[in-house]
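As the structure is a computational prediction, the values presented were derived from the model and not from experiment.
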Amino acid sequence: MKGLHLLFRPTTFPAKKTFAPPPPPPPSQNLTETHFISLIHSSKTTKHLRQVHAQILRRNLLSSSHLTTQLISASSLLKSADYSLSVFKHFPLKNLHTFNALIRGLAENSRFQTSISHFILMLRSSVRPDRLTYPFVLKSVANLCLGCLGMAVHCLVVRSGVEFNTFVRVSLVDMYVKVEELRLAMKVFDESPERNKCESILLWNVLINGCCKVGDLGKAVELFEGMPERNSGSWNSLINGFMGNGDWKRAVELFEQIPEKNVVSWTTMVSGLCRNGEEEKALLMFFRMLDEGVRANDLTIVSALSASAKIGALEAGLRIHNYISSNGIRLNSAIGTALVDMYAKCGNIEAASLVFGETREKNLLTWTAMIWGYAIHGKVEQALQYFKQMMYSGIKPDGIVFLAILTACSHSGQVDMGLNFLDSMTLDYSLDPTMKHYTLIVDMLGRAGRLDEALKFIHRMTITPDFVIWGALFCACRAHKNIEMAELASQRLLQLEPKHPGSYIFLSNIYAAAGRWEDVERVRTMMQSRSIKKDPAWSYMEADGQVHSFLAGDHAHKHAKEIYLKLEEIVAGAREQGYMPGTEWVLHNIEEEEKEDALGGHSEKLALAFGLIQTAPRTTIRIVKNLRVCGDCHSLMKYASKMSQREIVLRDIKRFHHFKDGVCSCGDYW
DNA sequence: ATAGGGTTAG
C-alpha cells in the first residue's frame, strides 16, 4: 500500500503548497518532544521519570498527548501504577492513546479494578475504545472474574467493529475461560473465521487451557491434535492440564515429546510434580533442566525450593541456594521467602534466619515463613519478637500468620497468651478464625490438661466442630488419661466419619491404654464387620543420606537382625523400669545413649529400631551427626515441645502421612 | 499516516 501511495503521489503540483502552506510545526518544539521521548525511554527509575516529568511541565508541553502516553507507559513498565495515574490526572489532554496506555498499564500491574473504572471513564468521556483497548479491559475483567461485565464488554467489541481482530478474539476467549463460561468461549472460538484460527495459535492454546480447567481433557487433546500448528505454549497448556487433573504420568510423557522445551515447560513440570506429591521427581526435573543449560527464573526456583521444603531435602535446597548466589539471581521477596521456608522446614533455622536478614523486600509471606520456622522449632520468644517487628514495620497480619503464632504459643505451653492472640485476631484485626485456629486452641488447652475448658471451647465455637477438632480433643484426653471425655470425643468422631479408619483406631487405642481389652476387641470386630481397613503403617528413615522404609514388624531390612536385638534390649530395659515401651520411651532412651557415647556408630541402628516399633506411620527420622527427630504426629509433637531447645526437623506431613480430610490414618490429626 | 497489543508455570 505504501508503495502504491508513493507511486501516485502528485509530484506535478508542488506550487499549490505556496498558496496554503500548512503552519510548519515549530522545529524547536518538535525537537524537544523527541528529546523528551528519548529521555523517557532511557529512564530506569520512577525518580528519573519524575525529573523528566517536571522538565516537561516547566516547558509547558502539556498539550502533547504523545508525551503523556509515553510517560504513562514508561511508568507502568517500571511497575508504578500510582505514578501513571498521577501523570494521567495532571495532563489535561485525554485521548484514545492516553486512555489506552493507562488501561494497559493498570491491567499489567494487577490494578484490575482501577483499570476497569478508567475504561468506564473513557466511555463516559466519549472516547471510543479501539482494538488496542479491549485486550486489556478483557484481561482485567477476566482476572476479577466478572462474567456479566465480560459479556457487556463483548457487546461493545461487536459495536466497535473490532470483533474479528485476532488479538481481541484471543482476549475474548481467554476472558470467557477465566470467568468459567467455557460454553461461550467455545462459541467465540467456533465462530472465529478460519483466517483467525490459522493466524493465531493462541486462540487454540487459550481454549485448550479452558478445557483443562474444567477437566475436559478429551476435548483438550482433540483441540491439540486438530491444531494447524503448535508452539510450546500449546504443549505447556496441555501438560499443565494433565498435572492439574492428577495425571502426572501422562504429563511426563507429553513433556518428553515437546520439540522445543522452554523455561515455562520445565517450570510447569517442576511445580506440577510438586503439586502431585512427586517432590523427588520435581527436583530431578529441576536439576536436569540446569544440566541441559536452561536458565531458571524466579518461578522455577521457587517451585524447586518448595519441593525441597516439602520433603526436607536439605542437600537439594543447598544446591539451589548455591545456584541462586552463583548466577546473580536477585534475592527478592519471593525467592527470599522460599529459601527461608526451605531452611526452616529442613531443620536449619539459623540459615533461615540468615536468609531472612539478607532479604530486603520482606512482605507478609516472608515474615510468615520466618515466624512459622521459629514456631515449629519451638523458639517461641523469637516467633513473638518477629511478630512484633512485623507489625512495627507496618505489615498487617492475616489469618495464616496467626496460625503460626498460635502454634508457637501451643508448643511453649503459653495457653493464655494464645487465647489472647485469638481475641486480638478477631477484635483488633477483624479476622475470622478458621477451623485450623480453633483446632490449635483446643490442642493448646488439651496439652495443658485444661480439658474441661477445651470441651467448653468446642461447644462455644461459632462454626460446627469437625472431625479434626474432636480428634485434637481426643488426643489430649488420651495424653491426660481422661477416659470418659475420650469416649465422648470418639463417639463424635464415629458419628462424623463412620468410614474413616482413624475413628476406630482412636477408640481402640484408648481402650487399650486403659487395659479394657474386651472393648478393644469389640471395636476391632466392628471395624471388620464394616470392612474398614487401616492402611499399613509405613515408616521412612533417612540415615546418613540413605532412605530406609519399613512396615511395622517386617524383617526385610538387611540389618533387621541387629535392629530387633537392639529393640529387644530397649524394650527389656523399659519393662524393667516399669514402662510401656512406646515411641516416647525409645526416643528418651536414644537421647540417654547419645549423652554417653554421642551415639557413635549406633545412631543408624537405633533410628531403625525406633522406626520398627513406632506407631506413627510415615514419619521420617533423620539422623545426621546429632540425633534429630522429625515428625508431625501428635505424640512426637508433644515430645518435641518438651525438649524445645533441641533442633526439631519438621517435614511436610502430607508427604509422609496417609491423609484424608486433614486426618492421618494413624489416628493423628492436623 | 501517528504512540501500543494476546497465552502457558504460581
Side-chain angles (χ1 to χ4, degrees), chain A residues 1-2 5-6 9 25 30 33-34 36-37 40-41 64-74 76-77 93 95-105 107-108 129-139 142 162 165-175 177-178 185 196 199-213 220 224 230-244 251 254-255 258 261-275 282 285-286 289 296-307 334-335 337-338 365:
Chain A
M1 285 297 280
K2 267 187 182 160
H5 183 72
L6 281 173
R9 194 164 54 174
N30 233 354
E33 190 173 294
T34 43
F36 278 123
I37 286 178
I40 291 170
H41 282 295
S64 165
S65 76
H66 195 170
L67 277 179
T68 318
T69 308
Q70 293 301 321
L71 265 174
I72 292 174
S73 34
S76 37
L77 213 68
L93 212 85
N95 64 8
L96 175 68
H97 304 302
T98 48
F99 267 115
N100 278 357
L102 185 70
I103 290 168
R104 165 176 164 243
E108 300 210 317
D130 70 348
R131 64 188 207 292
L132 297 153
T133 323
Y134 289 111
F136 298 105
V137 177
L138 288 167
K139 184 181 176 170
V162 292
N165 175 283
T166 312
F167 292 105
V168 175
R169 215 128 250 267
V170 170
S171 303
L172 273 173
V173 177
D174 185 48
M175 182 275 293
V177 163
K178 294 236 165 82
N196 280 78
E199 208 174 276
S200 175
I201 301 178
L202 283 161
L203 205 55
W204 299 74
N205 291 358
V206 167
L207 197 62
I208 289 175
N209 187 27
C211 292
C212 292
K213 221 168 244 172
F224 181 80
R230 287 180 275 268
N231 64 12
S232 62
S234 329
W235 289 90
N236 298 343
S237 294
L238 193 63
I239 288 175
N240 189 40
F242 279 105
M243 284 294 191
L254 279 165
F255 175 76
I258 308 182
K261 303 175 177 72
N262 60 16
V263 209
V264 183
S265 324
W266 289 97
T267 313
T268 307
M269 293 308 287
V270 176
S271 77
L273 286 168
C274 184
R275 261 189 295 153
M285 199 52 96
F286 177 76
M289 176 187 111
N297 65 21
D298 287 15
L299 231 57
T300 329
I301 289 169
V302 169
S303 304
L305 282 172
S306 113
I335 291 187
T337 306
L365 297 179

Contact class for A:Arg169 vs. all strands (heavy atom < 4.0 Å): base, sugar-phosphate, or nothing?
->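 A:Arg169: no heavy atom of the nucleic acid under 4.0 Å.
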Report which part of the nucleic acid A:Thr267 touches: base, sugar-phosphate, or nothing (heavy-atom distance under 4.0 Å, all strands).
->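 The answer is base, as A:Thr267 lies within the cut-off (heavy atoms under 4.0 Å) of a base atom.
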To the nearest Å, how far apart are [X] [atom1] and [N] [atom2]?
{"X": "A:Leu365", "N": "B:dG10", "atom1": "CG", "atom2": "C1'", "result": "12 Å"}
{"X": "A:Leu273", "N": "B:dG10", "atom1": "CG", "atom2": "P", "result": "11 Å"}
{"X": "A:Asn297", "N": "B:dG10", "atom1": "CG", "atom2": "C1'", "result": "11 Å"}
{"X": "A:Phe255", "N": "B:dA9", "atom1": "CZ", "atom2": "C1'", "result": "12 Å"}

How would you list, by chain and number, every residue that makes a ring-ring contact (aromatic ring centres under 6.0 Å, His included) with [X], sequence neighbours excluded?
{"X": "A:Phe99", "result": "A:Phe88"}
{"X": "A:Phe224", "result": "A:Trp235"}
{"X": "A:Phe255", "result": "A:Trp266"}

Which residues share a side chain to side chain contact (heavy atoms under 4.5 Å, CB included) with A:Ile37, sequence neighbours left out |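 Once residues adjacent in sequence are excluded, the partners of A:Ile37 under the side chain to side chain contact (heavy atoms under 4.5 Å, CB included) criterion are A:Glu33, A:His41, A:His66, A:Leu67, A:Gln70.
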Partners passing side chain to side chain contact (heavy atoms under 4.5 Å, CB included) against A:Asn297 (at least two apart in sequence or in another chain) |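 A:Asn297 satisfies side chain to side chain contact (heavy atoms under 4.5 Å, CB included) with A:Val263, A:Thr267, A:Leu299, A:Thr300 only.
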Taking atom types as modelled, is there a side-chain donor on A:Asn262 or A:Ser232 under 3.5 Å from an acceptor on the other?
->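 A pair is found: one side chain offers a donor N or O, the other an acceptor, under 3.5 Å apart.
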Summarise how protein sits on nucleotides 1-7 of chain B as a single string, 5' to 3': B when a protein heavy atom is under 4.0 Å from the base, S for sugar-phosphate-only contact, - for no contact.
-> --BBBBB
